[in-house]
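By convention in this document, chain letters (A, B, ...) are assigned in the order of the sequence lines, proteins followed by strands, and residues within each chain are numbered from 1.
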Protein chains: 2
Amino acid sequence: MNNVQEESPRDQKKNRRRFQILEIARGIIATKGLRSLKVRDVAVAAGCSVGSVYNEFGDFDGVILTVNRETVQALTVRLRGVPAEDPIRQLYGLAETYLEFFAEHANLLRSLFEHRMEDDRPYPDDILQMVMDAFALMHAPLERVLPAADDVKVALLSRTLFSAVHGIISLGLEERMVAVPPQMLRQQVEQFIDVHLAGLGIQPAR
Amino acid sequence: MNNVQEESPRDQKKNRRRFQILEIARGIIATKGLRSLKVRDVAVAAGCSVGSVYNEFGDFDGVILTVNRETVQALTVRLRGVPAEDPIRQLYGLAETYLEFFAEHANLLRSLFEHRMEDDRPYPDDILQMVMDAFALMHAPLERVLPAADDVKVALLSRTLFSAVHGIISLGLEERMVAVPPQMLRQQVEQFIDVHLAGLGIQPAR
DNA sequence: GATTCTTCTTGAACATTGTTCATTTTCAGG
DNA sequence: CCTGAAAATGAACAATGTTCAAGAAGAATC
């Protein structure tokens, strides 16, 4: 007996189009920025009417939020791929991977962090939760490195440290500001972690 | 002989209105967010036509950018007001003052950091420079605390440290994310600096 | 004070873009 | 095939940024 619901041809088509719309929207955001994303452009590129975009996503924010959701998912996959043998290396790896990912997908990350909802509608909880979870990925290595520390404190430390790294990277990659050369930024992040780990009483051992 | 150009009645009126438009725009951004700022709302509230707003600021981005410019100016004034007797206290003071200012004017700061220009027009250099200058305000106290350090490195460190603090605060105050209680955020920032100064080999001495 | 010239102001019209919805098309099930 | 439900359509609408010809206000000259 097949537990999985069979996908009718109609659903196939619908899903294919949904996917297509998202790819197009993501491409526009990534290359020209969120502010250049227009319903009509997406509809034309996807070969459908604007109505269909609305059918599928409710409103235009729905498209943006879905792209953002997938961005944080992709980020999480990348961060989870950082080797965990050595907790100290893992901490550096998480920061460097975040830097790489941010550099590769700067506009997508900006869309994730900068998009504001119309009126005062709340930002979807699941996305916020996923961001928080991603920022909690330093928890495990920090715990191994600070075995004596209180768990709640380590949780807070994880978020603090990741937020700090986020600040350094997001401002460093802000091409609006006089851009920091990418290689220099990498060094900057590494040195930042050097110092911070030292402050926590940990031997960087690089 | 009066070196200063006399202000004709016409200019007075013009300046008064310009100021008024900015106040109104700032108020809307501060209370309802940048996305709720509409030309017509501003014009009506200022008792003038939309055309006058365009006369004065060129386009709507001009209004936003002027508000942003004044935001970073106000921030700089506040940061420069931090006592400089004790360089270590000054570093804590800069971070705490930034936190206070951010908490008081969250939407204005978001407008400063999140606004993107139409098309690919560049963000005005003077604003970027002012932000950089504000973030360089940790330079002086760091230099006093690390007299042996290379000046270029201290400059970089200043920007790094301030960017890190910015990341912690801007994400911490992100009410979209499960908001960190303000008092806790203050503690979070202080502890972060504790650790980082320790890592730099400095006695926090609080 | 009248005249002229310059500048500013106005707001209707236009352009762009998000949103809706009555109509048409599609198609699975009978 | 027929039929009813679901989806797709795109013209129309709404909200909002932008322009500009015409008029008003003020300065300059006589």
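- Comparing the end axes of the helix from dG1(C)-dC30(D) to dG30(C)-dC1(D), each fitted to five base pairs by superposing C1' atoms of four pairs onto the next four, gives an inter-axis angle of 10° (nearest 10 degrees).
- In this structure, I28(B) places its CD1 atom 14 Å from C1' of dT16(D), rounding to the nearest Å.
- Between G47(A) and R40(A), it is G47(A) whose nearest contact on DNA chain D lies nearer the 5' terminus.
- The minimum heavy-atom distance between E143(B) and V154(B), with the atom names listed, is N-CG1, 4.0 Å.
- For S49(B), the listed nucleotide lying nearest its side chain is dT10(C); candidates were dT10(C), dT9(D), dG18(C).
- In this structure, Y54(A) places its OH atom 16 Å from P of dG10(D), rounding to the nearest Å.
- Applying the 4.0 Å criterion to OP1 and OP2 of dT9(D), one finds that S52(A) has a side-chain N or O inside that range.
- Rounded to an integer number of Å, the gap from F57(A) CZ to dA8(D) P is 12 Å.
- Side-chain contact between V77(A) and F101(A): absent, with no pair of heavy atoms (C-beta onward) separated by less than 4.5 Å.
- Smallest separation of non-hydrogen atoms from Y98(B) and L79(B): N-CD2, 4.1 Å.
- Atom CG in N15(A) sits about 11 Å away from atom P in dA8(D), given to the nearest Å.
- Note: T66(B) OG1 to E56(B) CD = 9.0 Å, rounded to the nearest 0.5 Å.
- With dA7(D), dT10(C), dA11(D) as the choices, the nucleotide that has an atom nearest any side-chain atom of N55(A) turns out to be dA7(D).
- Side-chain atoms of S36(B) come within 3.5 Å of backbone atoms of K32(B) as a donor-acceptor pair (strictly under, hydrogens ignored).
- Not a single donor-acceptor pair under 3.5 Å links the side chain of S163(A) to the backbone N or O of I168(B).
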Show, in sequence, the C-alpha distance, side-chain angles and deciding distance for N68(B) and Y123(B), and conclude whether the side-chain hydrogen bond (donor to acceptor under 3.5 Å, both in side chains) test is met.
CA-CA 11 Å; N68(B) 287 352; Y123(B) 208 80; 3.1 Å; yes
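- Atom P of nucleotide dT9(C) and atom CD of E56(B) are separated by 8 Å, given to the nearest angstrom.
- Distances were taken from every side-chain heavy atom of V50(A) (C-beta onward) to each of dT16(D), dT19(C), dT9(D); the shortest belongs to dT19(C).
- The side chain of K14(B) lies closest to dC8(C) when the candidates are dT16(D), dC8(C), dT19(D).
- Between D41(B) atom CG and dG17(D) atom C1' the separation is 13 Å, expressed in whole Å.
- Judged by distance alone, the side chains of D86(B) and Y92(B) never bring a donor and an acceptor atom under 3.5 Å apart.
- The heavy-atom pair separating T97(A) from R78(A) by the smallest distance is CG2-O, 3.8 Å.
- OP1 and OP2 of dA7(D) both lie 4.0 Å or more from every side-chain N or O belonging to R17(A).
- Among dT10(C), dT19(C), dT18(D), the nucleotide with an atom closest to any side-chain atom of V39(A) is dT19(C).
- Distance CD1 (I21(A)) to P (dA7(D)): 14 Å, rounded to an integer number of Å.
- In this structure, E118(B) atom CD and dT18(D) atom C1' are separated by 11 Å, rounded to whole Å.
- When each of R35(A), R110(A), R116(A) is tested with E114(B) by the rule salt bridge (Lys or Arg N to Asp or Glu O under 4.0 Å), just one qualifies, namely R116(A).
- For the pair L37(A) and G51(A), nearest-nucleotide mapping onto DNA chain C gives the more 5' position to L37(A).
- Taking a 4.0 Å limit (strictly below) on heavy-atom distances, residues 58-67 of chain A reaches DNA chain C at D59(A), F60(A).
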